[in-house]
Amino acid sequence: MSTNIKIILGLSILVLSLSSCSDFLKEVSQDEIKPSNVDDLRALMNKDAYPYGISTDYYLEILSDNTVCNGLQNQDYVGYLQNGTAIFCWNKEMFDGNEAFPTDADSWLTYYNRIKGCNVVKDYLGKVAGSETDKNALLGQVLFLRAFYYLRLVMIYGQPYSGKGIDPTKSLGVPLILKMDVSDQYPARNTLKEVYDQIESDLLQSADLMEKYYTPTSVFRVGATSVYALLSRFYLYRGLDSDMDKVITYTTKVMSQGPALTNLYTFKSSFGTKGIYDTSVSNEMLWIFGSPTYTNGTYFSNVSSGGNIMPFTVSNELMNMYDQTNDLRYISYYYKQKDSKTGLTYSLTSGKIGMAQSNYGDHGIRMAEVYLNQAEALARQFQASGDDSKRVAALNDLNTLRASRYAQGTYKNVSFTDAASLLQFCYDERRRELCFEDGFRWFDIKRLGLSAKHVYIDTSGTPTEFTLNSWDLLYALPIPQTAIDKNYKLEQNPR
């Protein structure tokens, strides 16, 4: 990458820190920023807009009811326990700096940094040489990525859009920063509605551009089907009754254009070394990013010393939701180990990318989520209208997905006539399928208004129970104090 391109992001410190840059302007002139062509911007986009080489939200798994605490049984694990303590206990000061604050838990810094890269590419497209086709292809990608990051941010730091007692026109989301221009203004938080409206606008424009100008050459770049899939997630998360038709519209598009579901039994002999995100055996991914979950040493590990149980492991509640004989996810979606004290087998962390694959991660968008999004939207419509065709269609989605997850020849279709039971099964299937993947369970807890309990075991072995109440204020996680300190206009979430 040219020196000029390297300078670009250094100049946009405002977006990263959300603070004034007047002093910084004295050091570097904007005249030095001169990307000359589309190739320069493409290189910049690949490096600073796409989410590669970043640590992404592992702490959201510690917040959810998919994780349990086992205390400290080996001093080698003290760091894991300390890193997760405040988060696991739903401490309202978890990001104030008074407790251990792992760098991967600063989603605010991580995503605004990437949004900065998106804005730089977007704003320079009209100033560089290149074809309109190439420019529109880049624009479609960075609009998708910006929307993706803002949806992550608002789902982490905002209350659920359709939550109990929430007025989206008043409840606070996150600051919308849509240009790279440096400014002395400190950005305040926009409302939930303003943020969601911007995400929707970016995604719809991105879809139009992708359809006309860009076809990705690999699953490491986003295309139209990725946009459709993210739109289905967006409308499901927004959760308005009128959004369910939109969920179905976009999931239908993905199913007609995207890859098929992967049958897990086709690579059963490779479980442990290969996983659902491994492109050598699985084709259902629409987009892949990040690093392997098992390499994260902050809260989880794929191996333990001397057979001692790790401080944080997968909950028995989740593991007992599987058909442990025939559902291949029970075997393939987790790394397992025996506890030397009890002899019991427990699950350590996600095995969705195999140990043989370490050059890319188990984050992104895949077809399984698309089937689940559509099934839930159909089940909600069945509950609202009583239209039995919606029930039948939802069951078809669920059974199609589940049949691809079971040992060959063992699956038997499920059926429900009651709307509430069908909808609950949709939620349970999301938990089984999307476990330990991009915070899906935490986001489902908050958008569905669920309560949860954690039992924390300290270094002395003393257990303490903590409760997250239904529609808890902590659904909107505290903004990191480091961001508050840099921007006096940032209003902290109530807690």
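Within the cation-pi definition used here (under 6.0 Å to the ring centroid, within 45° of the axis), Arg42 does not qualify as a partner of Tyr50. Cation-pi geometry between Lys253 and Tyr228 is met: under 6.0 angstrom from the ring centre, within 45 degrees of the axis.
Residues in residues 218-234 take part in these salt bridge (Lys or Arg N to Asp or Glu O under 4.0 Å) pairs, two or more places apart or across chains: Arg233-Glu369.
Listed for the Gln257 side chain is no donor-acceptor partner under 3.5 Å among the backbone atoms of Thr225. Ser470 places a side-chain N or O within donor-acceptor distance of the main-chain N or O of Gly449, the cut-off being under 3.5 Å. Proximity of a side-chain donor or acceptor of Asp438 to a complementary backbone N or O of Phe440 within less than 3.5 Å is not detected. In this structure, Gln159 contributes its side chain and Leu473 its backbone to a donor-acceptor pair below 3.5 Å. Side-chain atoms of Thr400 come within 3.5 Å of backbone atoms of Asn396 as a donor-acceptor pair (strictly under, hydrogens ignored).
No side-chain donor-acceptor contact under 3.5 Å links Thr293 and Lys352. Judged purely by distance below 3.5 Å, without hydrogens or angles, the side chains of Ser107 and Asp57 pair a donor atom with an acceptor atom. In this structure, a donor-acceptor pair under 3.5 Å is present between the side chains of Tyr277 and Glu437. Asn493 and Arg189 form a side-chain donor-acceptor contact under 3.5 Å, judged by distance and modelled atom types alone.
Annotation: side chain of Leu395 is in contact with side chain of Phe416 (closest heavy-atom distance under 4.5 Å). A heavy-atom distance below 4.5 Å is not found between the side chains of Met155 and Trp442. Put simply, the side chain of Pro478 does not reach to within 4.5 Å of the side chain of Lys92, judged on heavy atoms. Looking only at side-chain heavy atoms (C-beta outward), Tyr213 and Asp134 stay at 4.5 Å or farther from each other. Considering only heavy atoms from C-beta on, Phe382 stays 4.5 Å or farther from Leu378 through its side chain. Contact annotation: the side chain of Ile353 never approaches that of Ile288 to less than 4.5 Å [non-hydrogen atoms, C-beta and beyond]. Residues Lys446 and Leu468 have side chains not in contact (no heavy-atom distance under 4.5 Å, counting atoms from C-beta outward). Taking the side chain as every heavy atom from C-beta outward, Asp428 and Met321 approach each other to under 4.5 Å.
Asp397 contributes atom CG, which lies 13.0 Å from atom CZ of Arg402 (distance to the nearest 0.5 angstrom). Between Arg391 atom CZ and Ser415 atom OG the span is 5.5 Å, to the nearest 0.5 Å.
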Worked check of side-chain hydrogen bond (donor to acceptor under 3.5 Å, both in side chains) between Lys116 and Asn113: CA-CA 5 Å; Lys116 175 178 60 178; Asn113 192 23; 3.1 Å; yes

Residue pair Glu194, Gln198: steps toward the side-chain contact (heavy atoms from CB on, under 4.5 Å) verdict: CA-CA 6 Å; Glu194 289 169 336; Gln198 184 63 50; over 6 Å; no

Audit row: Leu192, Val195, side-chain contact (heavy atoms from CB on, under 4.5 Å) steps and yes/no: CA-CA 5 Å; Leu192 284 180; Val195 177; 5.9 Å; no

Intermediate values then yes/no, side-chain hydrogen bond (donor to acceptor under 3.5 Å, both in side chains), Tyr411 and Asn399: CA-CA 9 Å; Tyr411 184 68; Asn399 285 316; 2.6 Å; yes

Check against ring pair (Phe, Tyr, Trp, His ring centres under 6.0 Å), Phe234 and Tyr250: CA-CA 11 Å; Phe234 166 80; Tyr250 288 106; 9.8 Å; no

Leu204/Leu231 under side-chain contact (heavy atoms from CB on, under 4.5 Å): CA gap, chis, key distance, verdict: CA-CA 8 Å; Leu204 292 175; Leu231 276 163; 4.2 Å; yes

Audit row: Ile445, Leu63, side-chain contact (heavy atoms from CB on, under 4.5 Å) steps and yes/no: CA-CA 10 Å; Ile445 285 173; Leu63 289 164; over 6 Å; no

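Closest heavy-atom contact between Leu490 and Ala483: CD1-O, 3.6 Å. Shortest non-hydrogen contact noted between Asp65 and Glu317 is O-OE1, 4.4 Å. Closest heavy-atom contact between Tyr335 and Gly351: CE1-CA, 3.5 Å. For Ile115 against Leu153, the heavy-atom pair with the smallest separation is CD1-CD1, 3.7 Å. For the pair Ala375 and Ala394, the tightest heavy-atom approach, listed with the atom from each and the gap, is O-CB, 3.6 Å. Summarising the geometry of Leu178 relative to Tyr150, their closest heavy-atom pair is CD2-CE1, 4.4 Å, with the distance given to 0.1 Å.
Aromatic ring centres of Tyr322 and Tyr333 lie farther apart than the 6.0 Å criterion allows. You'll find the ring centres of Tyr59 and Phe95 inside the 6.0 Å limit. Separation of the Phe148 and Phe289 ring centroids falls under the 6.0 Å cut-off. Residues Tyr161 and Tyr196 place their aromatic rings such that the two centres sit under 6.0 Å apart. Ring centroid separation for the pair Tyr360 and Tyr52 does not come in under the 6.0 Å cut-off.
The number of heavy atoms from other shown groups lying within 6.0 Å of NZ (Lys127) is above 12. No more than 12 heavy atoms of other residues, nucleotides or ligands shown are found within 6.0 angstrom of NZ on Lys193. Residue Asp388 qualifies as enclosed at atom CG: its count of foreign heavy atoms under 6.0 Å is above 12. For Gln424, the CD atom sits in a packed shell: over 12 heavy atoms of surrounding residues, nucleotides or ligands are nearer than 6.0 Å.
Just one of Phe312, Phe466, Trp90 meets the ring-ring contact (aromatic ring centres under 6.0 Å, His included) condition when paired with His454; it is Trp90. Of the listed residues (Thr252, Asn373, Asp243), just one forms a side chain to side chain donor-acceptor pair (under 3.5 Å) with Ser232, and that residue is Asn373.
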